[in-house]
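Just so it is clear, the values below take in all heavy atoms, side chains as well, and ignore hydrogens, waters and symmetry mates.
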Amino acid sequence: MLGAVGERSLKTWRSGVYLIGVLAAAATTLVALPLLCMPSLAQRWAERHRRHAGALLGRPVEPRSRVPHRNIAWLAVQIGLGLPSGALAALLAGCLLFTSVTALLWWTFPGAPWLPVVSNPITDWGSAISLSAVNLAVLSVLSALILPRSPMRTLGAV
């Protein structure tokens, strides 16, 4: 019903939201790493994220038996992949939001506002709308290309 572009946009949006959540989880994992090195805590943390990933994919995830070295390895993967991929998703989302706000409130900025892709001085509504449209289009295509259709494919959470 949405069409191919709408379906792709919806999947990209879901991936971005998931990856921003992964950023928060990876940052929490990094801060709590000394505690999470305890096998019982690492098991609960890993199972919680496995259930979340299963819910996102729409399929149940069976609880895994206690395997401490797998949970510790998962912590390293969570930090190593979760922080950069989540930061990229947050950066793209922030640029899209900032571009939208700049298009509407260009006149409130004292100097020429900075736009992420094409940054020329905005002096009137015509340049605000046209430059923001170009920036939004480029950032949207970039998001669709960079953010995975299924975040699980990138993060290997299940």
Hey, are E47 and R50 close enough for a salt bridge, meaning a charged N less than 4.0 Å from a carboxylate O?
-> yes
If you measure from CG on L104 to OG1 on T99, what distance do you get to the nearest 0.5 Å?
-> 11.0 Å
Would you check, one step at a time, whether the test side chain to side chain contact (heavy atoms under 4.5 Å, CB included) holds for I79 with L33?
-> CA-CA 10 Å; I79 293 169; L33 190 60; 4.2 Å; yes
Could you go step by step and tell me if I20 and V17 meet the side chain to side chain contact (heavy atoms under 4.5 Å, CB included) rule?
-> CA-CA 5 Å; I20 291 171; V17 169; 5.9 Å; no
In terms of side-chain heavy atoms, does N135 have a donor or acceptor partner in S132 at a distance below 3.5 Å?
-> no
Out of curiosity, S100 OG to L97 CG, how far, rounded to the nearest 0.5 Å?
-> 6.5 Å
Can you get from V134 to I129 by hopping between Ile, Leu, Val, Met, Phe, Trp and Tyr side chains that sit under 4.5 Å apart?
-> no
After noting the C-alpha distance and the side-chain angles of L75 and W45, does the key distance pass the side chain to side chain contact (heavy atoms under 4.5 Å, CB included) rule?
-> CA-CA 9 Å; L75 292 173; W45 186 247; 3.9 Å; yes
Give, for atom CG of L96 and atom OG of S140, the distance between the pair rounded to the nearest 0.5 Å.
-> 5.0 Å
Say whether V101 and L139 are linked into one hydrophobic cluster, either directly or through other cluster members, by side-chain heavy-atom distances under 4.5 angstrom.
-> yes
Before giving the answer on side chain to side chain contact (heavy atoms under 4.5 Å, CB included), spell out for C95 and L91 the whole-Å C-alpha distance, their side-chain angles and the decisive distance to 0.1 Å.
-> CA-CA 6 Å; C95 285; L91 177 70; 4.3 Å; yes
Rounded to the nearest 0.5 Å, what separation is found between the CD1 atom of I146 and the CG atom of L19?
-> 11.5 Å
